[in-house]
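This is a predicted model, so every value here is computed, not measured.
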Amino acid sequence: MLKFLLWLLLFVLCWPLALLALVLWPILWLISLPFRLIGLSVEALFAALRALLFLPARVLGGK
């Protein structure tokens, strides 16, 4: 809701910039999508590594 109100304020103050932001937002989202997928993959890799490293402690009963 706050983003919409800020966009409306920008539209009132400078409507060409607001329309440009409205058009470019989906394009920027599509460009950032591969970086989000890479980040998700790296996060999953680190979670798997952490689980693998802490496996002996779990087997031996550590907390």
Side-chain angles (χ1 to χ4, degrees):
M1 184 69 178
L2 181 64
K3 287 182 185 181
F4 180 68
L5 291 175
L6 287 173
W7 184 83
L8 282 177
L9 180 67
L10 181 64
F11 187 73
V12 169
L13 295 177
C14 183
W15 64 268
L17 186 61
L19 290 179
L20 184 67
L22 190 64
V23 169
L24 290 181
W25 185 255
I27 296 170
L28 290 174
W29 185 83
L30 283 174
I31 290 172
S32 70
L33 195 59
F35 297 109
R36 291 181 187 189
L37 292 174
I38 290 172
L40 185 67
S41 300
V42 169
E43 187 177 340
L45 176 71
F46 282 139
L49 251 155
R50 182 174 178 228
L52 186 66
L53 288 175
F54 285 122
L55 182 64
R58 282 187 168 182
V59 170
L60 294 175
K63 290 185 178 182

Working to the nearest 0.5 Å, report the span between CG of Leu13 and CG of Leu8. 11.0 Å
Does Trp25 share a hydrophobic cluster with Leu20, counting links as ILVMFWY side-chain heavy atoms below 4.5 Å and allowing steps through other members? no
Tell me whether Trp15 shares a hydrophobic cluster with Leu9, the cluster being built from Ile, Leu, Val, Met, Phe, Trp, Tyr side chains joined at under 4.5 Å. no
Nearest 0.5 Å, what's the CG-CG distance between Leu60 and Leu55? 9.5 Å
According to a hydrophobic-cluster definition based on side-chain heavy atoms being under 4.5 Å apart (Ile, Leu, Val, Met, Phe, Trp, Tyr only), do Leu6 and Val23 belong together? no
Nearest 0.5 Å, what's the CD1-CG distance between Ile38 and Leu45? 13.0 Å
Hits for ring pair (Phe, Tyr, Trp, His ring centres under 6.0 Å) against Trp7, two or more places apart or cross-chain, chain-then-number order -> Phe11
In Å, rounded to the nearest 0.5 Å, how long is the span from CZ of Phe54 to CG of Leu49? 11.0 Å
Do Leu19 and Leu28 sit in the same hydrophobic cluster, where Ile, Leu, Val, Met, Phe, Trp and Tyr count as joined when their side-chain heavy atoms come under 4.5 Å apart? no
